[in-house]
Amino acid sequence: MDATNFGLGCMGMQLKDKTENIAVIDTALDNGVTFLNTGDFYSSGESEMVLGEALKGKNRASYTLSVKFGGLMKPQGGMYGLDVHPDHIKNYLTHSLKRLQLDYIDLYQPCRIDGAIPIEETIGAISDLVKEGYVRNIGISEVDAETLRRANSVHPIEYVEMDYSLFNRSIEQELLPTAHELGIKVVAFGLLAHGLLKDSWTRERVSQMTQTDFAPTGIFEKQNLRRNIELIEDLRIIAQEKNVSIPQLAFAWAETKNPAMLSLIGASRRTSFEDSFKARNLMLTDTDINRIEAAVPADKIAGNSMRNIKFLNGKMILK
């Protein structure tokens with residue numbers, strides 16, 4: 001696998017850790033990972049500020065910067081709503097450019113879609129920013145195949161960003177085929193199932209957890225996690241046979257199945273980035289892919305790897 005198959009996810013970057021965070025960005029760029037992914041709401045703008053400092057003085061053509069917008073954040077953290085109203089997009093972009101200390105953004109996209117606002121209006125507003133030179137390309141995130149088609153009919157969509165992992169393969173059914181048909185590149189996030197596919201998750205760790213340690217829903221809910229950890233242990237056997245970590249196996253699985261996909265390594269520490277990036281050296285066969293998927297069969301996964309969040313009139317609706 002080539003380094004360009006990977007991108008750096010910057011969600012966890014914060015000013016208090018900016019020295020290490022900047023070192024991660026430098027390490028990624030030095031290794032040929034040039035796609036940097038952030039959002040104006042990540043750490044309430046701090047991720048953009050760290051990136052702005054890290055990229056200062058670097059050749060602007062040497063990296064691609066992807067920025068999401070629209071997430072409404074609480075002072076204490078956490079998302080409470082969405083704002084992708086066409087009249088507000090230029091304002092969000094203006095603040096992002098200031099924090100990033102840049103003149104334009106390579107890829108700009110709404111983080112989610114508001115069911116009360118036609119996608120054509122949101123994409124149309126971003127296309128005006130393309131005409132003005134502040135945005136080079138338009139992306140979209142967390143949509144279904146029909147919405148992707150509608151968005152692409154207004155302005156060519158460069159990338160669609162979706163949650164994808166061994167614990168969530170739903171995009172393989174309609175979204176991936178549609179993206180390939182339309183010539184739209186795919187960015188995958190959550191490849192470690194939002195932390196479940198880390199080597200640190202073991203039967204012993206789960207057995208020592210108290211009730212308050214479990215999540216209220218999803219794959220980390222008490223009963224779900226106890227069932228899912230058995231799948232992780234089956235996966236661990238394969239990883240140990242190949243002398244790799246579970247994250248390396250997870251990334252190699254995704255890239256082997258989808259060689260044109262760009263896989264985001266979400267990391268704010270060099271050790272985390274370097275471990276997952278080693279997946280580029282792992283070559284898997286069709287037999288390996290079948291065995292890995294047999295270890296984590298879709299019908300045995302307990303709970304959703306990501307909450308099914310919809311938005312209507314800017315308000316979150318959990319389903």
Side-chain angles (χ1 to χ4, degrees), residues 7-18 21-22 24-25 28 35-56 58 60 63-114 117 119 121-130 132-143 151 155 157-163 187 189-190 262 264 266-268 306 309 311 314-316:
L8 178 63
C10 302
M11 175 184 283
M13 296 189 175
Q14 303 177 56
L15 291 175
K16 67 178 183 179
D17 299 319
K18 72 174 183 177
N21 294 167
I22 289 173
V24 174
I25 295 167
F35 187 95
L36 308 174
N37 181 278
T38 188
D40 63 10
F41 51 94
Y42 287 174
S43 299
S44 300
E46 289 189 16
S47 174
E48 288 185 325
M49 294 168 74
V50 171
L51 275 162
E53 189 167 336
L55 298 174
K56 190 182 300 182
K58 287 184 168 57
R60 185 63 182 86
Y63 60 87
T64 297
L65 185 61
S66 170
V67 178
K68 292 184 288 295
F69 71 90
L72 300 178
M73 306 301 291
K74 304 173 187 176
Q76 68 272 32
M79 190 173 174
Y80 73 88
L82 181 76
D83 180 11
V84 292
H85 192 285
D87 291 345
H88 305 162
I89 295 174
K90 184 177 288 188
N91 173 69
Y92 288 123
L93 175 75
T94 299
H95 290 296
S96 285
L97 290 173
K98 293 292 184 182
R99 286 189 288 262
L100 291 163
Q101 304 177 60
L102 296 175
D103 298 322
Y104 68 88
I105 289 171
D106 299 286
L107 184 71
Y108 200 53
Q109 61 188 54
C111 67
R112 292 290 180 94
I113 298 304
D114 190 327
I117 300 175
I119 187 59
E121 294 182 11
T122 299
I123 298 301
I126 305 175
S127 69
D128 290 339
L129 298 173
V130 174
E132 295 175 26
Y134 296 115
V135 172
R136 293 294 169 89
N137 296 287
I138 299 178
I140 197 166
S141 180
E142 292 296 283
V143 296
H155 187 282
I157 300 299
E158 185 75 5
Y159 285 94
V160 57
E161 183 178 327
M162 300 296 294
D163 186 358
V187 176
F189 71 92
L262 194 155
L264 290 180
S268 57
M306 192 171 184
I309 302 174
F311 290 90
K315 296 181 179 179
M316 296 175 65

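FYI, side chains are in, hydrogens and waters are out, and symmetry mates aren't considered; it's all heavy atoms of this structure. None of the values given here were measured: they were computed from a predicted structure.
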Item to check | Derivation and outcome, side chain to side chain contact (heavy atoms under 4.5 Å, CB included), residues Glu142 and Glu161 | outcome: CA-CA 6 Å; Glu142 292 296 283; Glu161 183 178 327; over 6 Å; no
Checklist entry - Yes or no on side chain to side chain contact (heavy atoms under 4.5 Å, CB included) for Phe69 and His95, after CA distance, side-chain angles and deciding distance? => result CA-CA 11 Å; Phe69 71 90; His95 290 296; over 6 Å; no
Item to check | Test side chain to side chain contact (heavy atoms under 4.5 Å, CB included) applied to Leu55 and Leu100, step by step | outcome: CA-CA 8 Å; Leu55 298 174; Leu100 291 163; 5.5 Å; no
Checklist entry - For Met316 and Phe311, what are the C-alpha separation, side-chain angles and deciding distance, and is it a side chain to side chain contact (heavy atoms under 4.5 Å, CB included)? => result CA-CA 5 Å; Met316 296 175 65; Phe311 290 90; 3.1 Å; yes
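Between Ile140 and Ile113 there is a side-chain heavy-atom pair separated by less than 4.5 Å. The shortest side-chain heavy-atom distance between Ser66 and Tyr159 does not fall under the 4.5 Å cut-off. Considering only heavy atoms from C-beta on, Leu97 comes within 4.5 Å of Ile105 through its side chain. By the 4.5 Å heavy-atom criterion applied to side chains, Tyr92 and Tyr108 are counted as neighbours. The side-chain heavy atoms of Ile22 and Val50, taken from C-beta on, include a pair separated by under 4.5 Å.
At most 12 non-hydrogen atoms from other residues, nucleotides or ligands lie less than 6.0 angstrom from CG of Asp103.
One finds the OH atom of Tyr63 at 13.5 Å from the CG atom of Leu8 (value rounded to the nearest 0.5 Å). In this structure, Phe189 CZ and Met11 CE are separated by 7.5 Å, a value rounded to the nearest 0.5 Å. Leu102 contributes atom CG, which lies 11.0 Å from atom NZ of Lys56 (distance to the nearest 0.5 angstrom). Rounding to the nearest 0.5 Å places CD1 of Ile138 at 5.5 Å from CD1 of Ile123. Distance check: His155 NE2 to Asp128 CG gives 9.5 Å after rounding to the nearest 0.5 Å. Separating the OG atom in Ser127 from the CD atom in Glu132 is a distance of 10.0 Å, to the nearest 0.5 Å.
At distances below 3.5 Å, at least one donor-acceptor pair connects side-chain atoms of Arg112 with backbone N or O atoms of Ile309. Between the Arg60 side chain and the Tyr104 main chain, a donor and an acceptor come within less than 3.5 Å of each other.
In terms of heavy atoms, Asp106 sits closest to Leu65 at OD2-N, 2.8 Å. Residues Met49 and Leu15 share a closest heavy-atom pair of CE-CD1, 3.8 Å. Nearest heavy-atom pair across Ile25 and Ala54 is CD1-CB, 3.6 Å. Between Ile119 and Ala151 the shortest heavy-atom distance is CG1-CB, 3.9 Å. Contact record, Gly9 with Leu264: N-CD2, 4.3 Å, taken as the closest heavy-atom pair. Closest approach of Gly139 to Pro110, counting heavy atoms only: O-CD, 3.6 Å.
Partners of Glu158 under the salt bridge (charged side-chain N to carboxylate O under 4.0 Å, His left out) rule, at least two apart in sequence or in another chain, are Lys185.
The only option from Thr38, Asn37, Asn21, Asp40 that meets the side-chain hydrogen bond (donor to acceptor under 3.5 Å, both in side chains) definition with Ser47 turns out to be Thr38. Partner of Asp83 under the side chain to side chain contact (heavy atoms under 4.5 Å, CB included) criterion, out of Asn91, Leu72, Ile117: Leu72 alone. Put simply, the residue from Lys68, Gln14, Glu48 that forms a side-chain hydrogen bond (donor to acceptor under 3.5 Å, both in side chains) with Tyr42 is Lys68.
Side chain to side chain, Lys90 and Tyr134 fail the donor-acceptor criterion of an N or O pair below 3.5 Å.
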